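This report refers to the structure that appears directly beneath it.
Given the structure is predicted, the values throughout are model-derived calculations rather than measurements. The figures here come from the full heavy-atom set of this structure, side chains too, leaving out hydrogens, waters and symmetry mates. Numbers for residues simply follow the sequence, beginning at 1.
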Amino acid sequence: MLNDTKALAKGFWTTFKHIVRPPITVRYPDEKRTTAAKFRGRHRLYRDEDGLERCIGCELCAAACPSQAILVRAEENDPSRPVSPGERFASVYEINMIRCIFCGFCEEACPVDAIKLGPEYELSDFKRPDFVYTKEMLLDPEKNAPPTQFHADVERSTDERGVHTALGTVYRSHHPIGAPDPRPPVPTEAQAGDNEDPA
Ligand code: SF4
Ligand code: SF4
C-alpha cells in the first residue's frame, strides 16, 4: 500500500513538474532538432581521400545484419584501375530500407569504416523499389538519391524562401535549430533589381 502510494506520488510529481515548464514547440519540418551524436539514420558509403571506395566487398556487414537487409556482390579489383584499396570491391551494394531496423550492426562490423549511419531521418517514400538504396545512392546521395528520399523541401523545387534548391543543397541545409543557415542569403529586392538587364 505504502509502495503504491509512493509510486503514485512519483508519477504525479513528474506530471506537475512539466506543467510549470514552458512548452517546447518545434515547427517541423521548417525547423529541425539536432539529432543525438549517436543517432542512427540513413546509411552512407564513404570514399578514401584519393577517391577510391573504402568498401572492399568483404560482406561482413551483410553477415552482421539481423534483418538480412544488405546485399553485397564482390568482384576482384583490376590492379591497373582499382575501385577500392583491397583485392576486391563491391560491384553491387544494396540496402533494403524497408527491412532495416537501424541497429548499426553493419557499421560496427565494417573493418574499414566504409559504411556509417548518419543523421538523416526523413526517409519516407511511396514505391517499394525506391526503398532499395543502391551503391550509387549510398556513395553520392546528393547526386543519385531520389528526391523523395529526403524530405518535403526536396519535393518542392523551391524552399520556403522561394529559392530553388537542388538536392545537394537541401541535403546540406539540414541544420540544427539556432545554428547558422548554411544556404546562401536570398538577394533583397533592391539587389535583385540592380542585377536586372536594363534593356
Ligand atoms: S542498421 Fe542494422 S538492420 Fe539496418 S542494414 Fe545495418 S545491420 Fe542491417
Ligand atoms: S561496407 Fe564494410 S563490411 Fe560491408 S562489404 Fe564493404 S567493407 Fe565489408
Side-chain angles (χ1 to χ4, degrees), residues 1-46 54-55 58-72 93-135 137-139 141-142 145-156 159-160 167 170-183:
M1 177 72 179
L2 187 64
N3 283 344
D4 289 349
T5 313
K6 269 191 198 166
L8 211 58
K10 198 174 164 191
F12 276 119
W13 170 241
T14 303
T15 307
F16 285 127
K17 224 170 34 180
H18 286 277
I19 284 176
V20 292
R21 286 187 181 167
I24 300 170
T25 306
V26 177
R27 291 182 300 143
Y28 181 83
D30 296 327
E31 292 178 5
K32 297 181 174 76
R33 301 190 75 156
T34 320
T35 51
K38 289 188 178 177
F39 181 84
R40 295 192 292 260
R42 185 190 195 281
H43 308 64
R44 187 166 187 141
L45 285 172
Y46 285 86
R54 279 194 196 175
C55 177
C58 68
E59 300 181 35
L60 283 175
C61 53
C65 177
S67 312
Q68 298 183 330
I70 303 180
L71 171 73
V72 184
Y93 195 105
E94 290 179 0
I95 302 182
N96 184 334
M97 297 299 277
I98 295 178
R99 287 189 173 182
C100 178
I101 55 171
F102 298 92
C103 63
F105 285 2
C106 48
E107 178 181 284
E108 286 180 31
C110 183
V112 291
D113 286 342
I115 186 157
K116 285 185 187 297
L117 281 77
E120 178 65 67
Y121 53 84
E122 295 173 313
L123 305 174
S124 54
D125 219 318
F126 299 100
K127 295 188 216 120
R128 276 176 174 265
D130 291 342
F131 286 97
V132 177
Y133 291 8
T134 61
K135 187 173 95 166
M137 289 157 65
L138 293 162
L139 272 171
E142 292 89 348
T148 47
Q149 196 184 88
F150 295 107
H151 42 74
D153 293 341
V154 179
E155 290 199 328
R156 304 195 302 262
D159 69 8
E160 71 276 11
L167 179 58
V170 172
Y171 200 59
R172 285 191 293 275
S173 72
H174 257 226
H175 60 286
I177 297 171
D181 189 336
R183 294 171 295 186

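Between the side chain of E120 and the backbone N or O of E122, at least one donor-acceptor pair lies under 3.5 Å.
Residues L138 and H43 approach most closely at CD2-O, 3.5 Å, considering heavy atoms. The nearest pair of heavy atoms linking I98 to N96 is N-OD1, 3.0 Å. Considering all non-hydrogen atoms of both residues, R42 and L123 come closest at CB-CD2, 3.8 Å. Minimum interatomic distance between F105 and P66 (heavy atoms only, all atoms of both residues): CD2-CD, 3.9 Å. Of all the heavy atoms in C58 and P111, the pair that sits closest is SG-CD, 3.9 Å. Of all heavy-atom pairs between A114 and R54, the closest is CB-CB, 3.7 Å.
The distance from atom NE2 of H18 to atom CD1 of I24, rounded to the nearest 0.5 Å, is 9.5 Å. Separation of atoms SG (C110) and CD (E108) is listed at 11.5 Å; rounding is to 0.5 Å. Here the straight-line distance linking atom OH of Y133 with atom CZ of R44 works out to 13.0 Å at 0.5 Å rounding. With rounding to the nearest 0.5 Å, the separation of CG in L45 from CD1 in I95 is 6.5 Å. In this structure, the separation between OG1 on T134 and OH on Y93 is 12.0 Å, given to the nearest 0.5 Å. Atom CD of residue E59 and atom CG of residue L71 lie 8.5 Å apart, to the nearest 0.5 angstrom.
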TODO: Given side-chain contact (heavy atoms from CB on, under 4.5 Å), test F12 with L8 step by step and report yes or no.
DONE: CA-CA 6 Å; F12 276 119; L8 211 58; 4.0 Å; yes
Task: Verdict with supporting geometry, C106 and L117, side-chain contact (heavy atoms from CB on, under 4.5 Å) - done: CA-CA 9 Å; C106 48; L117 281 77; 3.9 Å; yes
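Residue Y46 places its OH atom among more than 12 non-hydrogen atoms of other residues, nucleotides or ligands, all under 6.0 Å distant. For K17, the NZ atom is densely surrounded, since the number of other residues' heavy atoms within 6.0 Å is greater than 12.
Contact annotation: the side chain of R99 never approaches that of C65 to less than 4.5 Å [non-hydrogen atoms, C-beta and beyond].
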